[in-house]
Asks: 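After the C-alpha coordinates below, expect a handful of questions from me.
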Amino acid sequence: NYMSISDQLARFMRNGHGWVASDDLQRMDCRDKKGNLVTPSNISTRLRELAADGVLEVQIRRGHAHYRLKQADATLF
(Lines give C-alpha, C1' and ligand atoms only; values in the text may rest on other atoms or scores of the structure.)
Protein backbone atom coordinates (compact mmCIF):
# COMPACT_ATOMS: atom_id res chain seq x y z
CA ASN A 1 0.00 0.00 0.00
CA TYR A 2 1.98 2.98 -1.29
CA MET A 3 1.59 6.35 0.38
CA SER A 4 3.04 9.45 -1.31
CA ILE A 5 5.91 11.26 0.35
CA SER A 6 3.64 14.24 1.09
CA ASP A 7 1.07 11.91 2.65
CA GLN A 8 3.77 10.20 4.73
CA LEU A 9 4.94 13.59 6.06
CA ALA A 10 1.41 14.86 6.73
CA ARG A 11 0.53 11.63 8.53
CA PHE A 12 3.62 11.96 10.74
CA MET A 13 2.72 15.56 11.61
CA ARG A 14 -0.90 14.59 12.39
CA ASN A 15 0.34 12.24 15.12
CA GLY A 16 0.52 15.08 17.63
CA HIS A 17 3.94 16.54 16.87
CA GLY A 18 4.35 20.24 17.52
CA TRP A 19 7.02 22.27 15.77
CA VAL A 20 9.58 19.97 14.15
CA ALA A 21 12.85 21.13 12.60
CA SER A 22 13.17 20.55 8.88
CA ASP A 23 16.51 18.81 9.53
CA ASP A 24 14.75 16.19 11.68
CA LEU A 25 12.01 15.65 9.11
CA GLN A 26 14.58 15.24 6.34
CA ARG A 27 16.07 12.28 8.24
CA MET A 28 12.75 10.42 8.24
CA ASP A 29 12.49 7.00 6.65
CA CYS A 30 10.30 8.08 3.70
CA ARG A 31 10.18 5.69 0.76
CA ASP A 32 9.14 6.13 -2.86
CA LYS A 33 6.92 3.82 -4.93
CA LYS A 34 9.81 1.41 -5.52
CA GLY A 35 10.66 1.27 -1.80
CA ASN A 36 13.79 3.37 -2.14
CA LEU A 37 14.69 5.87 0.56
CA VAL A 38 14.01 9.41 -0.68
CA THR A 39 16.60 12.16 -0.44
CA PRO A 40 16.49 14.93 2.17
CA SER A 41 16.16 17.40 -0.71
CA ASN A 42 13.01 15.61 -1.92
CA ILE A 43 11.54 15.70 1.59
CA SER A 44 12.35 19.40 1.87
CA THR A 45 10.53 20.07 -1.40
CA ARG A 46 7.46 18.14 -0.21
CA LEU A 47 7.48 20.12 3.08
CA ARG A 48 7.49 23.42 1.19
CA GLU A 49 4.62 22.18 -0.99
CA LEU A 50 2.60 21.14 2.08
CA ALA A 51 3.17 24.60 3.56
CA ALA A 52 2.13 26.29 0.30
CA ASP A 53 -1.01 24.10 0.20
CA GLY A 54 -1.94 25.19 3.75
CA VAL A 55 -1.44 21.75 5.33
CA LEU A 56 1.61 22.80 7.36
CA GLU A 57 2.76 26.05 8.92
CA VAL A 58 6.40 27.08 8.69
CA GLN A 59 8.50 29.27 10.96
CA ILE A 60 12.07 30.28 10.27
CA ARG A 61 14.18 30.20 13.42
CA ARG A 62 17.81 31.24 13.21
CA GLY A 63 17.77 30.52 9.49
CA HIS A 64 16.23 27.04 9.84
CA ALA A 65 12.69 26.02 8.90
CA HIS A 66 10.41 24.43 11.49
CA TYR A 67 7.05 22.91 10.52
CA ARG A 68 3.85 21.99 12.31
CA LEU A 69 0.38 20.96 11.28
CA LYS A 70 -1.68 24.02 10.35
CA GLN A 71 -3.70 25.12 13.32
CA ALA A 72 -7.42 25.77 12.91
CA ASP A 73 -8.22 29.45 12.89
CA ALA A 74 -10.24 30.66 15.83
CA THR A 75 -13.71 31.69 14.73
CA LEU A 76 -15.97 34.15 16.48
CA PHE A 77 -19.64 33.32 16.91
Side-chain angles (χ1 to χ4, degrees):
N1 228 7
Y2 173 71
M3 186 182 299
S4 74
I5 298 160
S6 295
D7 288 344
Q8 291 174 58
L9 292 166
R11 181 180 186 181
F12 174 81
M13 297 302 285
R14 284 188 187 101
N15 285 331
H17 301 279
W19 289 102
V20 182
S22 177
D23 295 0
D24 294 334
L25 292 166
Q26 290 175 28
R27 285 189 222 105
M28 284 182 57
D29 184 18
C30 287
R31 307 244 169 209
D32 64 15
K33 289 179 189 174
K34 297 178 183 176
N36 299 319
L37 196 61
V38 297
T39 64
S41 175
N42 193 323
I43 291 174
S44 183
T45 300
R46 300 294 85 77
L47 289 168
R48 288 192 302 275
E49 289 172 356
L50 287 168
D53 291 344
V55 176
L56 299 179
E57 294 180 79
V58 62
Q59 266 188 5
I60 305 300
R61 301 178 188 168
R62 297 185 195 142
H64 299 280
H66 288 71
Y67 293 90
R68 75 172 177 184
L69 197 61
K70 176 108 171 131
Q71 304 297 299
D73 294 330
T75 52
L76 299 174
F77 293 99

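Keep in mind that what you see is a predicted model, and the values were worked out from it rather than measured. The chain is numbered in sequence order, starting from 1.
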Asks: What pairs with Asp29 under side chain to side chain donor-acceptor pair (under 3.5 Å), at least two apart in sequence or on another chain?
Replies: Arg31

Asks: What's the spacing between Ile43 CD1 and Ser6 OG if we round to 0.5 Å?
Replies: 10.5 Å

Asks: Would you list the atom pairs, donor with acceptor, under 3.5 Å between side chains in residues 16-23 and any protein atom, with sequence neighbours excluded?
Replies:
from  : atom 1 : to    : atom 2 : distance (Å)
His17 : NE2    : Phe12 : O      : 3.4
Ser22 : OG     : Gln26 : NE2    : 2.8

Asks: In a table with atom names and distances, give each donor-acceptor pair under 3.5 Å that connects a side chain of residues 45-56 to protein atoms at least two apart or in another chain.
Replies:
from  : atom 1 : to    : atom 2 : distance (Å)
Thr45 : OG1    : Ser41 : O      : 3.1
Thr45 : OG1    : Arg48 : NH2    : 3.3
Arg46 : NE     : Glu49 : OE1    : 2.9
Arg46 : NH1    : Asn42 : OD1    : 2.4
Arg46 : NH2    : Glu49 : OE2    : 3.1
Arg48 : NH1    : Ser44 : OG     : 2.8

Asks: Would you please name every residue forming a side chain to side chain donor-acceptor pair (under 3.5 Å) with Arg11, sequence neighbours left out?
Replies: none

Asks: What is the minimum heavy-atom distance between Leu9 and Cys30, and which atoms define it?
Replies: CD2-SG, 4.1 Å

Asks: Indicate the atoms forming the closest heavy-atom contact of Gln8 with Met3, along with that distance.
Replies: NE2-O, 2.7 Å

Asks: Is there any salt bridge (charged side-chain N to carboxylate O under 4.0 Å, His left out) pair reaching into residues 35-44, and which pairs are they, with sequence neighbours excluded?
Replies: none

Asks: For Asp7, which residues count as a salt bridge (Lys or Arg N to Asp or Glu O under 4.0 Å) partner, sequence neighbours excluded?
Replies: none

Asks: List the atom of Met13, the atom of Leu69, and the distance in Å for their closest heavy-atom pair.
Replies: CE-N, 4.1 Å

